[in-house]
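Every number for a ligand or one of its atoms is a count from 1 in the order of the listing.
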Amino acid sequence: MSEKIPYKIYLEEHEMPKQWYNVRADMQKKPAPLLNPATLQPCTAEELGNVFCDELVKQELNETDRYIDIPEEIQEFYKMYRPSPLVRAYCLEKKLDTPAKIYYKFEGNNTSGSHKLNSAIAQAYYAKQQGLKGVTTETGAGQWGTALSMACSYFDLNCQVYMVKCSYEQKPFRREVMRTYGANVTPSPSNTTEVGRKILAKFPDTNGSLGCAISEAVEKATSQDGYRYVLGSVLSQVLLHQSVIGMESKIAMDKYGITPDIIIGCAGGGSNLGGLISPFMGEKLRGEKDYRFIAVEPASCPSLTRGVYAYDFCDTGKVCPLQKMYTLGSGFMPSANHAGGLRYHGMSAVLSELYDQGLMEAVSVEQTAVFESAQQFARVEGILPAPESSHAIKCAIDEAMKCKETGEEKTILFGLTGTGYFDMYAYGAFNDGRMSDYIPTDEELKKSFDTLPKID
Ligand SMILES: *Cc1c(COP(=O)(O)O)cnc(C)c1O
């Protein structure tokens, strides 16, 4: 008989991926191109190069190379905290009394506490290669800013972070981690940019939003010499870097002859999910294998399940290229959901297109139920999950419980994107029974859809 699958499946150093996988190469119908908001024509490499690093622009526009080499220095950095463990959730399975086999890929084993470091280090590397002084970015919950601060300090680059104001106030410790790594952190909206001053004049009491912080970071990058803007999710280049999650998962599972039936991930801008599913989706696109893919989003910010597939602005200030994606409208202000990393109005163009083609499913889940699953998971698996990650846990548990009803022994793989140590206010609200489950009404969404740019 086959040997027992270990609790944790690690890879040897020599088994680690040396290339990222670019799922767009295997898509018959590609994601729609980014458009210049002024001309409504596809953005050229030159236009994008004013905002982003040159090599990253190439990756953003590359729809043909299936594999892209991971530079040696990035491979070396990855070795400090990768491979991330692929864990068989034996304890959770037992607790649920389910015939399902549950696996999770845990990305929280680094100081930034999430998968975001996988792309941060790549983006910092290319900025350094280009001889830049530094980069600017936004951060919502703080994970991306933390990851980028770590990556920039490693390559000796300046790092300017616009942090959504409510997080800046709610998560002072994240801010201090960033400052410890040498980053300059500004609460957004701020009066350090034109767009920030405009937004403050219009909404003096705003708590800020991701879309607004993006506008400020882009303005700051384009108005200073030797700086570029970097983004922690949504873009195709970020999904490419995050494919290391899926590549490692696949190598580890192949080692033991395991084939997942269902692959689940939480979806904010789509980078962890896109990265996790990419190599598996490639097999599906090439007709080699079939899998079910499920994106899990918060009911308070349901871009895939209730959004529209249209060109929209990526930011509130409307300075970024237009992207065709599932969106709630760039003016959408999600309610105070505790999963800060999932509070984005849009979704990766790659995932949007895959979803539109019916190759991926999406579900939305409510906050209280998410924290119930987080608590259940923490108590048996020993990891305190991030609220974002807990969306995937909730869905994985739901699927495992369906297996219990039907007696099916399905294999479930989900992405456990990070740890929740900086989210204890959220856990506090849950433990006190003060958590709300605000879901936007159809009228509210309609109002936001009305602000979409009119493009045919
Ligand atoms: C940022 C973040 C997410 C969501 O971002 P994606 O780009 O959709 O992956 C999920 N989990 C954690 C822990 C995060 O920090």
Taking only heavy atoms of Gly268, which atoms of ligand 1 are found under 4.0 Å from at least one of them? 8 (O)
Residue part near ligand 1, for Val238, under 4.0 Å between non-hydrogen atoms: neither
Distance-only N or O hit between ligand 1 and Ala386, under 3.5 Å: no
Give the residue and atom name of whichever protein heavy atom lies nearest to atom 4 (C) of ligand 1, and the separation in Å to one decimal. Gly341 O, 3.4 Å
For His115, does its backbone N or O pair with a side-chain atom of Thr417 as donor and acceptor, under 3.5 Å? no
Considering only heavy atoms, does His115 approach ligand 1 within less than 4.0 Å through its side chain, its backbone, both, or neither? side chain
Once you round to the nearest 0.5 Å, how far does OH of Tyr168 lie from OG of Ser188? 11.5 Å
Working for side chain to side chain donor-acceptor pair (under 3.5 Å), residues Asn109 and Ser84: CA-CA 7 Å; Asn109 260 339; Ser84 71; over 6 Å; no
Against ligand 1, does Gln242 come closer than 4.0 Å with any heavy atom? no
min-distance protein heavy atom vs atom 13 (C) of ligand 1 -> Thr417 OG1, 3.3 Å
Parallel, tilted or perpendicular: ring planes of Tyr81 versus Phe77, cut at 30 and 60 degrees: perpendicular
Within a distance under 4.0 Å of any heavy atom of Ser233, pick out the atoms of ligand 1 and give their elements. 6 (P), 7 (O)
By number and element, which atoms of ligand 1 are closer than 4.0 Å to a non-hydrogen atom of Ser114? 13 (C), 15 (O)
State yes or no: are the ring centers of Tyr7 and Tyr90 separated by less than 6.0 Å? yes
Matching residue for Glu297 among Thr305, Leu273, Leu342 - test: side-chain contact (heavy atoms from CB on, under 4.5 Å): Thr305
Main-chain N/O of Ser167 paired with Arg175 side-chain donor or acceptor, under 3.5 Å: no
Worked verdict on Glu138 versus Tyr229 for side chain to side chain donor-acceptor pair (under 3.5 Å): CA-CA 9 Å; Glu138 77 296 329; Tyr229 166 69; 2.7 Å; yes
Report, in ascending order of atom number, the atoms of ligand 1 lying under 4.0 Å from any heavy atom of Leu342. 4 (C)
Could you tell me whether Cys266 and ligand 1 have an N or O pair separated by under 3.5 Å? no
Heavy-atom pairs closer than 4.0 Å: do any link ligand 1 to the side chain of Lys116, the backbone, both, or neither? side chain
From the list Glu60, Gln59, Glu55, side-chain hydrogen bond (donor to acceptor under 3.5 Å, both in side chains) partner of Gln237 resolves to Glu60
Glu388 to ligand 1: N or O pair under 3.5 Å? no
Please check this pair: side chain of Glu388 against backbone of Ala141, looking for a donor-acceptor N/O pair closer than 3.5 Å. no
Polar proximity ligand 1 side, Ser389 side, N/O cut 3.5 Å exclusive: no
What do we get for Ala267 next to ligand 1 when only non-hydrogen atoms under 4.0 Å count, side chain, backbone, both or neither? backbone
